[in-house]
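This report refers to the structure that appears directly beneath it.
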Protein chains: 2
Amino acid sequence: MAKADSKDSQQSSGHVAREVARLILTGVWREGATLPREIELASRFGVSRASMRESLSLLKAKGLIASKQKAGTHVRTRFDWNMLDAELLNWTLTALPTQEFAKQIMEIRRIVEPEACAICATRGTDEDFARIERAYRGMDAAGMDRVAYAEPDLQFHRGILIATGNDFLIAFGATVAAALRMSFNLSSTNPGAPRKSLPYHRAVLEEIWARNPDGARQAMHKLMDLTEQNIVSAMSRQKKKDTEDEKARTRRAR
Amino acid sequence: MAKADSKDSQQSSGHVAREVARLILTGVWREGATLPREIELASRFGVSRASMRESLSLLKAKGLIASKQKAGTHVRTRFDWNMLDAELLNWTLTALPTQEFAKQIMEIRRIVEPEACAICATRGTDEDFARIERAYRGMDAAGMDRVAYAEPDLQFHRGILIATGNDFLIAFGATVAAALRMSFNLSSTNPGAPRKSLPYHRAVLEEIWARNPDGARQAMHKLMDLTEQNIVSAMSRQKKKDTEDEKARTRRAR
DNA sequence: AAGAATTATTATGTCAGACATATTTTCTCC
DNA sequence: GGAGAAAATATGTCTGACATAATAATTCTT
């Protein structure tokens with residue numbers, strides 16, 4: 001987890017890109033909108049045009065924007081945004097961690113991970129399984145420590161994807177990572193929640209070792225159920241807390 | 001199709017990025033390898049360092065490379081490559097359209113699209129369905145014209161993903177687009193093949209209109225079966241042709 | 001006055017050269 | 001031989017300039 005954190009926000013260029021992305025994701029700059037010219041953007045963010053262009057280059061690569069000579073730079077339609085990109089996922093997560101976002105990410109996880117798990121049980125090598133088991137042991141060793149639990153949890157899920165040998169499923173690991181990070185952030189209101197998933201992970205592991213695709217799929221499905229349950233309940237709890245805070249603030253303001 | 005083509009290879013910066021990506025994808029620059037310093041890269045590709053950096057910025061965004069001050073720029077591990085990115089997919093497709101690649105892309109399509117189709121039948125609006133039907137009509141109208149068939153075919157599949165309302169499934173459209181482009185390229189050896197998928201598309205459309213999730217899932221599953229069949233047979237045909245060409249060339253050389 | 005052709009404008013695209021910064025490597029000294 | 005200081009170096013950033021293509025304005029024609 002800490003390693004992944006150190007990866008983003010590396011340079012100023014990354015910061016600027018993240019900020020522009022935030023403005024787009026939050027709808028300040030809408031789809032189809034033409035954003036200010038490069039020189040203006042550069043001065044607004046306090047960097048040179050060269051650096052600004054590198055930031056924009058990053059966002060172009062993620063499908064957020066497109067430029068045309070003289071015409072300017074415009075925001076592309078949502079359909080072209082590469083939401084399965086690791087950074088973009090994190091930016092979205094911090095910019096607007098809505099319930100809708102959570103539901104969507106869990107919906108696709110439910111589609112992909114159980115099947116990936118079945119493939120893993122079929123094609124995975126013993127080394128693959130050993131790596132997954134190591135992750136499981138790490139989770140177990142973490143005990144009630146939320147922070148220590150997070151990293152091996154990710155490795156567990158990623159290990160399954162890697163074991164499929166399918167590059168596209170492996171790339172899906174970025175989405176899983178974002179989902180787990182979301183869960184982690186939400187678990188602050190219920191520190192014991194993560195640990196509860198341990199037996200479900202164990203069930204997955206056992207089915208995999210048994211090379212039982214159907215069982216593995218089912219076990220992963222149950223794990224997804226639990227995860228989604230945790231997330232939605234945590235989000236409604238959070239939402240409730242937020243509205244209470246809001247009320248308190250208004251009361252104080254009066 | 002033509003529209004999508006005009007989007008890539010826009011500027012010199014894109015060309016250079018594509019070329020560097022090719023070198024990485026084909027294994028000339030392996031995972032973990034440190035690539036030449038920016039000044040050298042720039043002169044090698046005949047651009048300025050500023051442009052070179054913009055290209056590298058693009059590749060950083062796609063997870064292919066990472067840079068550290070003084071240490072240089074290195075190729076990241078495959079696990080970090082965002083293979084679900086539209087451009088990266090196309091680059092891979094043109095750089096090394098292997099049978100392995102085809103199998104992997106079809107494997108994930110089989111996982112995602114039938115479920116997306118079921119969701120589409122459940123949650124899609126009538127406008128969504130109408131858009132999908134329009135695409136179907138476009139395919140029908142194309143007749144045996146491979147080129148005219150390709151665009152509505154993509155719109156059909158993309159329409160289903162869009163109808164789910166799930167941003168991640170929508171983003172998966174890039175992968176589907178790459179797969180269809182691959183199919184299109186392969187269909188040159190068998191021009192009649194695309195048209196054969198029409199009744200399968202029709203079946204999908206009908207199940208969707210009937211708001212029958214299970215039927216829609218099944219219909220899409222059958223379409224996936226047919227598509228995969230077409231691809232693998234076309235690839236083996238292509239492979240056979242390639243080896244024959246190879247033989248002929250060796251004969252001539254003697 | 002409407003429309004076509006031409007010119008001017010402008011924002012992105014590209015270039016060159018310089019300095020800043022953070023590591024790595026080398027060197028020095030104990 | 002190891003610890004610490006100094007030098008070297010590749011990326012990071014900045015400035016200012018010119019090229020290019022698409023748009024906007026202008027002129028000319030009918």
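Just so it is clear: chains get the letters A, B, ... in the order the sequence lines come, proteins before strands, and each one is counted from 1.
Phosphate proximity of D/dA10 to B/S67: absent, as no side-chain N or O sits under 4.0 Å from OP1 or OP2. Side-chain nitrogen and oxygen atoms of A/T73 include at least one within less than 4.0 Å of the OP1 or OP2 phosphate oxygen of C/dT12. Between B/R37 and the phosphate of D/dT11, there is no side-chain N or O to OP1/OP2 separation shorter than 4.0 Å. Within the 4.0 Å cut-off from OP1 or OP2 of D/dG12, not a single side-chain nitrogen or oxygen of A/S51 is found. For C/dG13, one of the phosphate oxygens OP1 or OP2 lies less than 4.0 angstrom from a side-chain nitrogen or oxygen of A/K60.
Checked options A/V16, A/V20, A/T73, A/V75; the residue passing with A/L59 is A/V20 (criterion: side-chain contact (heavy atoms from CB on, under 4.5 Å)). Of the options B/M182, B/R146, B/R195, a side-chain contact (heavy atoms from CB on, under 4.5 Å) to B/S187 is made by B/R146 and by none of the others.
Rounded to whole angstrom, the span from the CE atom of B/M52 across to the P atom of C/dG13 amounts to 17 Å. In this structure, CZ of A/F45 is placed 18 Å from C1' of D/dC14, rounded to the nearest angstrom. For the pair B/H15 NE2 and C/dG13 C1', the interatomic distance rounds to 14 Å; values are reported in whole Å. C/dT14 atom P lies 8 Å from atom CD of A/Q69, rounded to whole Å. Computed from coordinates, the B/R53 CZ to C/dA16 P distance equals 16 Å when rounded to whole Å. In this structure, A/L35 atom CG and C/dA11 atom P are separated by 13 Å, rounded to whole Å. The distance between atom CD of B/E38 and atom C1' of D/dT9, rounded to the nearest whole Å, is 12 Å. D/dA10 atom C1' lies 14 Å from atom CD1 of B/I65, rounded to whole Å.
Side-chain contact check for A/L88 versus A/L64: some heavy-atom pair is nearer than 4.5 Å.
Both A/K68 and A/E54 sit near DNA chain D, but only A/E54 has its closest nucleotide nearer the 5' end. Remark on DNA chain D: of its neighbouring residues B/K70 and A/G46, the 5'-side contact belongs to B/K70, judged by nearest-heavy-atom nucleotide. Each of A/A71 and A/A50 was matched to the nucleotide of DNA chain C holding its nearest heavy atom; the match closer to the 5' end belongs to A/A71.
Set against D/dT11, D/dC14, C/dT14, the side chain of B/S48 has C/dT14 as its closest nucleotide.
No hydrogens or angles were tested; on distance alone, nothing pairs the side chain of B/R49 with the base of D/dT11 as donor and acceptor under 3.5 Å.
Salt bridge annotation for B/R123-A/E107: present, with a cationic side-chain nitrogen under 4.0 angstrom from a carboxylate oxygen.
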Pair A/I162-B/F79, side chain to side chain contact (heavy atoms under 4.5 Å, CB included): steps then yes or no:
CA-CA 8 Å; A/I162 290 172; B/F79 299 157; 3.7 Å; yes

